[in-house]
Amino acid sequence: MLKLHDYVLSGSCYKVRLLLALLRLDYERVPVDFHPGRQHKSAVYFALNPLGQIPILEDGPLVLRDAQAILAHLANAYDPDKNWLPRDGRFGLIMMWLSFAGGELMALSAARMHDMLGYELDIETARANGRKALRILDDHLADRGIDGGQWIVGDAPTIADIACFPYVALSHDCGLGHEDYPAINLWQRRVRKLPGFVSMPGIPDYF
Amino acid sequence: MARTTDKAALDNWYVLGALGDFPTHTVKGARLLGADLIVRRAGVQFQVSDEVGAKLPVEQRYGHLWTTLGAPTRPIFAMPEWDEPDRRPVYCGAVRVRASGLRVVENFLDLAHFPYVHTDILGTESKPEVARYQVEHRADVDEVWATKCEFFQPKAAASADGGQMSQYMYRVVANPFLVMLYKTPPTAPNRWDVIALFVQPVEEDLSIAHPFMLVIDETSSDAELIAFQQMIFLQDRIVLENQRPRLLPLQPGRETPTRGDLSSVIYRRWLKEKNIRFGVEEPVRLAHA
Amino acid sequence: MKSMTDENQTWHPVALGVDVPAGVTRAVILNGTEIVLWRGADGQIRAWDDRCPHRGMRLSYGFVRGNSLNCLYHGWEYEGSSRCIRIPAHPDLEVPKTIKATAHAVHETGGLVWMNRSGTAASDPPAIAEGVPLISTAIDRPIGALRDLFRATSMHPAVIREDILDGLSLLLAMHPVSERKSMLHALTIGGSDAPADRKRYALAVRQLRQQAETMAEAA
């Protein structure tokens, strides 16, 4: 049985919850009191993940941290058709965008933690970096549109889309709307129409 | 922005946080009504000082730290449920909202948004009707109460198993930034759960919401209760941050209430009588209809 | 060269038509005002103030069903004319005709969505050559900085036509967002329709964006 250590407001946990829903996988959700309890920094959780972060996925004896790694594992283990993580020429591109989702795009997560939960950090830099990352994604999606493509990589949704979606869709939480990003506006609607899609607070159910 | 001059806002007790938000033997900044404050904690003692180092009045009540920048004419409101031994206090964690604190309170009072903002949880689109309810200003305590509110809810609380017709009461205490609701717990239909939102107005368009609950629930973990409440509040936050104007308009004709908005109508009328200015929109010139 | 100030110019390009397909809302900002663009199932584009008259919620967060735009907050339904026709909290209420969103004149031509907020009897909407939509991009400079980049005269104060090689012209429609930002809506006339070429054209527009953003601020 899959077990997910999860926090309802975490965009990173939502990456995993979303793929689990799209793959129609059952799992046990273990709620972590991230705020105000900071349970993810408790001794019990440091034993599971020395980085003191969530999500953490337990799959039998396997314990995985890092949302991007968890997405790759789920696609590898539970998608026999290899739709979500194809092994052909698209594989390298998907890895590139997974890295972006866990890297540059996470400036949006930092800005969101500041604006929402009062985390102390350099908000101007976080917001500026968030905007840079959004622009890179918008430019890319516009180019994909020129190719006739609707997804970040290839002609079908992959875990690249799932990894990038949450913090892009939640950018309003840190004061960044999508007025500047017309291609993102259309792409995120496509993601929300995927069969089995689940939302999270901050991403309205209706669109 | 500097400390406000709005006396109606200043002469109130405000929450700066749950006691647990202030680590022991530390110093932490806080901002209230435009004033930068310092909170010092030493063991169980708290001290709050203002921009010039003057010590402010301090109270510890209901597990929270309270202070005032003015001269309140009333004590901190009464909440008898605090003394009931079978209640669980749940501190849900401070959340910042880029909105007027008055908008935050008004949203808390609203029922009609349940099917759209809290879809399949506090409401469902197939049952959107807001039945008539009652609202009164209780002059003796200077509080606004909405009673006989009812709404069909697919999942009324963390412990809910299936839908229920929830009964609600709402209460805004003398400080119009402090609001709570009473609703029927799924496991104890003859009692009331208390869910409070203590709003700390930081600037006119920036607030910190301190959600707090006193519930009857023997089964859910703290993490589950907190997650449920935070989920609801974060669903509201995206609305709150996108209402225009950000400050609450009290001018007739700026917005359009209906019968279901009776709580907000009475709340706004009361704010006008109090002459509150902090978080209120300056009157604008209205376009012809 | 004769120039027209924004105050005189009442029609502004605010989007590529293809960026607002049927069923979609798009939030844009025009000279500091929040606007919602949306298109119904009937294919009609609308441009309204991004604000529901009920409690001021931005309508761009709402949802399109058929030919109506519904507000996210309480589900109030606005038909294409901007009149509110349904308030879900009061299903039996006949909604007073005075409850409506604030609509602006809007016109689609040349692959662009144009809007006019002036409120005066709208002058003739712009007529420009039909281009093939390329990309739409935000620029962190005010519109004046964009104008400084171009020497070519325009077919309209908002549209610059840059004739490039190979029979390709770029149409660049300039949209003032705020004092610090603008958007460029780009289309092509002529040139190649192969995706590889069109991506090069898009890159050229982004290079203009970079030029505009790295130019020194006007003295």
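Just so it is clear: chains get the letters A, B, ... in the order the sequence lines come, proteins before strands, and each one is counted from 1. What you are looking at is a predicted structure, and each value in this text was computed from that prediction instead of being measured.
For CG of Asp42(C), the number of neighbouring non-hydrogen atoms (other residues, nucleotides, ligands) closer than 6.0 Å is greater than 12. Other residues, nucleotides and ligands place more than 12 heavy atoms under 6.0 Å from the NZ atom of Lys272(B). Atom CD of Gln251(B) has more than 12 heavy atoms from other residues, nucleotides or ligands within 6.0 Å.
Interface with chain B: from residues 46-54 of chain C, residues Arg51(C), Pro53(C), His54(C) qualify, criterion being any non-hydrogen pair under 4.5 Å.
Here Thr33(C) contributes atom OG1 and Arg244(B) contributes atom CZ; the two are 12.0 Å apart, rounded to the nearest 0.5 Å. Atom-to-atom distance recorded for Tyr73(C):OH and Ile238(B):CD1 is 13.0 Å, nearest 0.5 angstrom. Remark: Glu241(B) CD to Tyr61(C) OH distance equals 8.5 Å, nearest 0.5 Å. Atom CE of Met57(C) is separated from atom CG of Leu240(B) by 9.0 Å, given to the nearest 0.5 angstrom.
Per-residue heavy-atom pair counts under 4.5 Å with chain B were compared for Pro91(C), Gly75(C), Ala89(C), and the maximum is reached by Ala89(C). Counting heavy-atom pairs closer than 4.5 Å to chain C, the top residue among Arg103(B), Glu106(B), Arg268(B) is Arg268(B).
Neither the backbone nor the side chain of Pro115(B) comes within less than 4.5 Å of any heavy atom of chain C. Proximity to chain B is limited to the side chain of Ile99(C), based on heavy atoms less than 4.5 angstrom apart. For Ile87(C), the part sitting under 4.5 Å from any heavy atom of chain B is the side chain, from C-beta outward, and nothing else. Both the backbone and the side chain of Arg259(B) come within less than 4.5 Å of a heavy atom in chain C.
Sorted by first then second residue, the salt bridge (charged side-chain N to carboxylate O under 4.0 Å, His left out) pairs that include residues 112-132 of chain B, not counting sequence neighbours, are Glu125(B)-Arg65(C).
Within the 4.5 Å cutoff, side-chain heavy atoms of Pro88(C) are placed close to those of Tyr116(B).
Side-chain contact annotation: Arg55(C) with Thr256(B), donor-acceptor N/O pair under 3.5 Å absent.
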message = Go through it in stages, so that I can follow the logic: the residues are Asp110(B) and His74(C), the test is side chain to side chain contact (heavy atoms under 4.5 Å, CB included), and I'd like the CA-CA distance, side-chain angles, deciding distance and then a yes or no.
response = CA-CA 10 Å; Asp110(B) 180 73; His74(C) 305 95; 2.9 Å; yes

